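Reckoned from all heavy atoms, side chains included, excluding hydrogens, waters and symmetry mates. Being a predicted model, the structure only gives us computed values, none of them experimental. In this chain, residues are counted from 1 in sequence order.
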Amino acid sequence: MIDKINQLRAEIEAINASSLDEVEALRIKYLSKKGAITALMQDFRTVPAEQKRELGQKLNELKTVVTDRLAALREALENTDTVEDSLDLTRTAAPMPLGSRHPLSLVKDEIISIFSRLGFTIAEGPEIEDDWHVFSSLNFAEDHPARDMQDTFFIQRNPDVLLRTHTSSVQSRVMEHTQPPIRIICPGRVYRNEAISARAHCFFHQVEALYVDENVSFADLRQTLLYFAREMFGPETKIRLRPSYFPFTEPSAEMDISCNLCGGKGCGFCKHTGWVEILGCGMVDPNVLDACGIDSKKYTGFALGMGVERITNLKYQISDLRMFSENDKRFLEQFR
């Protein structure tokens with residue numbers, strides 16, 4: 001039996017394999033229930049008692065040798081397979097073109113950077129909202145047109161669950177849980193039930209800002225807007241504020257900037273007025289502050305909101321909103 005053990009050990013030390021399947025076949029050959037070593041273990045039962053100690057030790061050594069040899073073969077082949085698997089033979093030999101940031105992401109990040117220099121921090125909220133945060137807390141009347149199905153996407157015909165129509169809902173959520181001073185900027189996607197065209201889409205992106213503290217005035221709002229316009233469009237940019245109406249601000253205004261194409265002289269882009277509208281703003285209505293648990297007799301604030309697509313159109317002279325969501329490489333490659 002000792003001769004069989006020595007012969008089998010020499011055979012095992014010389015084995016080799018070119019695939020993991022061959023390694024598995026060798027394991028079955030030597031270590032399975034019908035393998036060579038198992039057969040020797042069965043023969044071991046018949047050896048005289050005085051030889052059991054010596055033969056038992058040699059059998060254990062043989063089992064260790066075959067286990068280590070198979071493990072070494074498997075490890076070597078797995079490392080080789082890893083290298084081979086990392087080679088994609090279907091990949092083109094030409095260099096792969098690098099991608100670029102989406103123009104909306106570029107502009108959104110620039111807007112956030114400008115307001116962060118003024119001390120504004122980012123606040124985010126859910127895109128699926130309830131009526132209170134989107135409308136009621138923001139001083140929308142029960143019969144306001146924005147509540148109509150033509151403007152708002154309601155979820156499963158439930159009038160209390162909807163896709164947010166503006167990121168002002170984030171502002172109301174923050175005011176509910178935070179006492180002034182509040183200075184936040186709210187970027188995000190919003191949804192409105194509109195026909196898709198070159199000038200409108202059923203979803204778009206907004207960035208809104210909110211500042212609430214003691215003694216916040218319209219002059220603070222105007223200076224913030226002037227700083228933003230000049231940082232975004234250049235130091236020669238001029239602004240003007242026109243009276244407007246929003247349910248959640250009073251007084252309210254829309255802001256125009258001097259056309260960055262013609263320098264305010266008048267062109268087709270600005271309809272020969274020299275001015276282009278970019279955002280809405282105003283002082284936070286006291287009813288909104290009270291609804292959100294903030295003392296309107298002690299605190300005042302301003303809010304402003306802009307469409308990221310609108311700012312991107314002005315910055316890069318893009319005339320069709322649909323290009324932002326079509327993922328056309330020819331369009332996106334221009335923003336490397």
- Task: Show your reasoning for whether salt bridge (Lys or Arg N to Asp or Glu O under 4.0 Å) applies to Arg173 and Glu176.
- Result: CA-CA 5 Å; Arg173 284 184 174 273; Glu176 279 182 340; 5.6 Å; no
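- Taking hydrophobic clusters as Ile, Leu, Val, Met, Phe, Trp and Tyr residues chained together by side-chain heavy-atom distances below 4.5 Å, Leu138 does not share a cluster with Tyr245.
- Nearest heavy-atom pair across Asn139 and Val288 is CB-CG2, 3.9 Å.
- Heavy-atom minimum distance, Ser172 versus His133: OG-O, 3.2 Å.
- Taken together through direct or relayed side-chain contacts under 4.5 Å among Ile, Leu, Val, Met, Phe, Trp and Tyr, Tyr316 and Ile114 form part of one hydrophobic cluster.
- Put simply, the side chain of Ser113 never gets that close to the backbone of Glu110: no donor and acceptor are under 3.5 Å apart.
- Across Cys186 and Thr167, no two heavy atoms sit closer than the pair O-OG1, 3.3 Å.
- Ile122 is connected to Tyr211 through a chain of hydrophobic side-chain contacts under 4.5 Å among Ile, Leu, Val, Met, Phe, Trp and Tyr, so both are in one cluster.
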- Message: Go through it in stages, so that I can follow the logic: the residues are Gln171 and Val174, the test is side-chain contact (heavy atoms from CB on, under 4.5 Å), and I'd like the CA-CA distance, side-chain angles, deciding distance and then a yes or no.
- Response: CA-CA 5 Å; Gln171 298 179 17; Val174 171; 5.9 Å; no
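- Val207 is listed as a side-chain neighbour of Lys108, based on a closest heavy-atom distance under 4.5 Å.
- Annotation: the span from His201 atom NE2 to Asp320 atom CG amounts to 9.0 Å, rounded to 0.5 Å.
- When each of Ile239, Ile278, Leu304 is tested with Phe228 by the rule side chain to side chain contact (heavy atoms under 4.5 Å, CB included), just one qualifies, namely Ile278.
- Atom NZ of Lys238 is surrounded by 12 or fewer heavy atoms from other residues, nucleotides or ligands within 6.0 Å.
- Tested against Ile182 for a side chain to side chain contact (heavy atoms under 4.5 Å, CB included), the candidates Thr121, Val284, Asp213, Leu210 yield a single pass: Leu210.
- A donor atom on one side chain and an acceptor atom on the other are found under 3.5 Å apart for Tyr191 and Glu127.
- In this structure, Thr300 OG1 and Ile294 CD1 are separated by 11.0 Å, a value rounded to the nearest 0.5 Å.
- Contact of the Leu225 side chain with the Cys281 side chain is registered, since non-hydrogen atoms from C-beta on lie closer than 4.5 Å.
- A 4.5 Å side-chain heavy-atom check between Leu241 and Leu221 finds every atom pair outside the cut-off.
- Looking at Gln179, its side chain does come within 3.5 Å of a backbone N or O of Gly293 through a donor-acceptor pair.
- Annotation for Gln317: atom CD counts as buried by contact number, over 12 foreign heavy atoms lying within 6.0 Å.
- With Thr224 contributing its side chain and Asp220 its backbone, the two residues share a donor-acceptor pair below 3.5 Å.
- Ring planes of Phe135 and His166: tilted class, angle from 30 to 60°.
- In this pair, Phe324 and His102 present their aromatic rings tilted. The plane angle is within the 30 to 60° band.
- Closest approach of Gly125 and Arg164 over heavy atoms only: O-NH1, 3.2 Å.
- With hydrogens and angles disregarded, no donor-acceptor distance shorter than 3.5 Å links the side chain of Thr152 to the backbone of Phe154.
- No side-chain heavy atom of Arg183 sits less than 4.5 Å from a side-chain heavy atom of Phe115.
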- Query: Between Ile184 and Thr178, does a side-chain contact (heavy atoms from CB on, under 4.5 Å) hold up when you go through it step by step?
  - Reply: CA-CA 11 Å; Ile184 59 171; Thr178 308; over 6 Å; no
- Message: Before you tell me yes or no, could you show the steps for Asp285 and Thr249 under side-chain contact (heavy atoms from CB on, under 4.5 Å), namely the whole-Å CA-CA distance, both residues' side-chain angles and the distance that decides it to 0.1 Å?
- Response: CA-CA 5 Å; Asp285 193 297; Thr249 54; 5.8 Å; no
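- Shown here for Ile15 and Arg69, the closest heavy-atom pair between the two residues is O-NH2, 2.7 Å.
- A donor-acceptor contact shorter than 3.5 Å is absent between the side chain of Asp290 and the backbone of Asn287.
- With contacts defined as side-chain heavy-atom distances shorter than 4.5 Å, the pair Leu226/Gln223 qualifies.
- Under the 4.5 Å side-chain criterion, counting only non-hydrogen atoms from C-beta, Glu277 is in contact with Arg242.
- Around the CD1 atom of Ile155, the shell of radius 6.0 Å holds more than 12 heavy atoms that belong to other residues, nucleotides or ligands.
- In this structure, CE on Met255 lies 13.5 Å from OG on Ser244, to the nearest 0.5 angstrom.
- By the criterion of side-chain heavy atoms lying less than 4.5 angstrom apart, applied directly or through intervening Ile, Leu, Val, Met, Phe, Trp or Tyr residues, Val134 is not grouped with Trp132; the two fall into different hydrophobic clusters.
- What you find for Asn16 and Glu22 is that their closest heavy atoms are O-OE1, 4.4 Å.
- You'll find the side chain of Val308 stays beyond 4.5 Å of the side chain of Phe204, heavy atoms only.
- Using cut-offs of 30° and 60° on the angle between ring planes, the pair Phe120 and Phe302 is tilted.
- At least one side-chain heavy atom of Pro251 sits less than 4.5 Å from a side-chain heavy atom of Met283.
- Rounding to the nearest 0.5 angstrom, the gap separating the CE atom in Met323 from the CD1 atom in Ile318 is 7.0 Å.
- Connection of Ile257 to Met306 is established within a shared hydrophobic cluster, with ILVMFWY side chains joined at heavy-atom distances below 4.5 Å, either directly or through further cluster members.
- Using the six-membered ring where Trp is involved, Phe246 and Phe248 have ring planes that are parallel, under 30° apart on the 30 and 60° scheme.
- Summarising the geometry, atom CD belonging to Gln206 is positioned 9.0 Å from atom CD belonging to Glu309; distances are rounded to the nearest 0.5 Å.
- Ser137 contributes no side-chain N or O that, together with a main-chain N or O of Ala291, makes up a donor-acceptor pair within less than 3.5 Å.
- If you take CD on Gln334 and NZ on Lys329, they are separated by 13.5 Å, rounding to the nearest 0.5 Å.
- Atom CD of Glu326 has more than 12 neighbouring heavy atoms from other residues, nucleotides or ligands inside a 6.0 Å radius.
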- Passes side-chain contact (heavy atoms from CB on, under 4.5 Å), Asp131 versus Asp160? Steps please. CA-CA 5 Å; Asp131 178 271; Asp160 193 51; 3.3 Å; yes
